[in-house]
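Encoded as structure tokens, the structure appears first; notes follow it.
Read the numbers this way: they start at 1 and go in the same order the structure lists the ligands and their atoms.
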Amino acid sequence: MDGVTIVSHPLVQHKLTILRDRDSSIQLFRTVVRETATLLCYEVTRDLPTDLVRIETPIAVTDAPRIAGKKLVFAPILRAGLAMAEGMLDLVPSARIAHIGLYRDPLSLQAVEYYFKTPDDISERHVIVVDPMLATGHTAVAAIDRLKECGATDIRFVCLLAARTGAEGLRAAHPDVPVWTAAVDDELDDHGYIVPGLGDAGDRTYGTR
Ligand code: URA
């Protein structure tokens, strides 16, 4: 699928299997969401530009690469995106966080906003939207609509698992926003859950069901 990168690294795939397994405990699920997000963060930042800075090692002066250009904002969609954002912060502790409070109405499956707060300089930053599940795509599209209203122009989307229809819907609505995911599943059930999926990522992270 154009613009959708499936991260096939064995570590990511192994961790996704743990997440899919209904017998994984809440503690294990939470830990592995965080670890997988760290690995996905590594992939989504692969093409960030670097420049050379002159430093002194204990042995000699050398020119060494350092990340250049725009700074990062991680934008978790609440609440399930929070655990992923923690894993990404493990790798980029200086990143800013934009909180996007959206929930899926259980009947219409449409996104409803209840909280939205971003750094003021979001237009000058790389924005990485994080949500474990890209299911119908409605929430992701609404989140990116709102970020663009606030001036964001450089947006990427990272999830653990996408449904084909959600990935296609997101790419159709926002062709400028590339997607990184550990896998794409073919189906959604009548309640908008990804099949085979991994269940409700928020409930499994926070033990609410
Ligand atoms: N949200 C989830 O947590 N799981 C799904 O399968 C779909 C949306």
Shortest heavy-atom approach to atom 4 (N) of ligand 1 - which of Gly166, Gly199, Ala135, Gly202: Gly199
Neighbour count above 12 (heavy atom, 6.0 Å) for Asp190 CG: no
Side chain proximity check, Met133 to Cys159, heavy atoms < 4.5 angstrom: no
Atoms in ligand 1 flagged as close to Asp200, the criterion being non-hydrogen separation under 4.0 Å: 2 (C), 3 (O), 4 (N)
Protein heavy atom at shortest distance from atom 5 (C) of ligand 1: Tyr193 CD2, 3.4 Å
Check: Met133 N/O within less than 3.5 Å of ligand 1 N/O: no
Atom 6 (O) of ligand 1: nearest protein contact (heavy atom, Å): Ile194 N, 2.8 Å
Distance, nearest 0.5 Å, that separates OG1 of Thr62 from CD of Glu56: 11.0 Å
Ala201-ligand 1 polar pair, N/O distance under 3.5 Å: yes
side-chain contact (heavy atoms from CB on, under 4.5 Å) partner of Lys15, the single match among Thr38, Val33, Thr31, Leu39: Leu39
Sub-4.0 Å heavy-atom approach of Gly197 to ligand 1: no
Arg204 side-chain N/O to Leu19 backbone N/O, donor-acceptor pair under 3.5 Å: yes
Per-atom contacts, ligand 1 versus Gly192 - under 4.0 Å to a heavy atom: 7 (C)
Which atom of Val73 lies closest to which atom of Ile97, heavy atoms considered: CG1-C, 4.2 Å
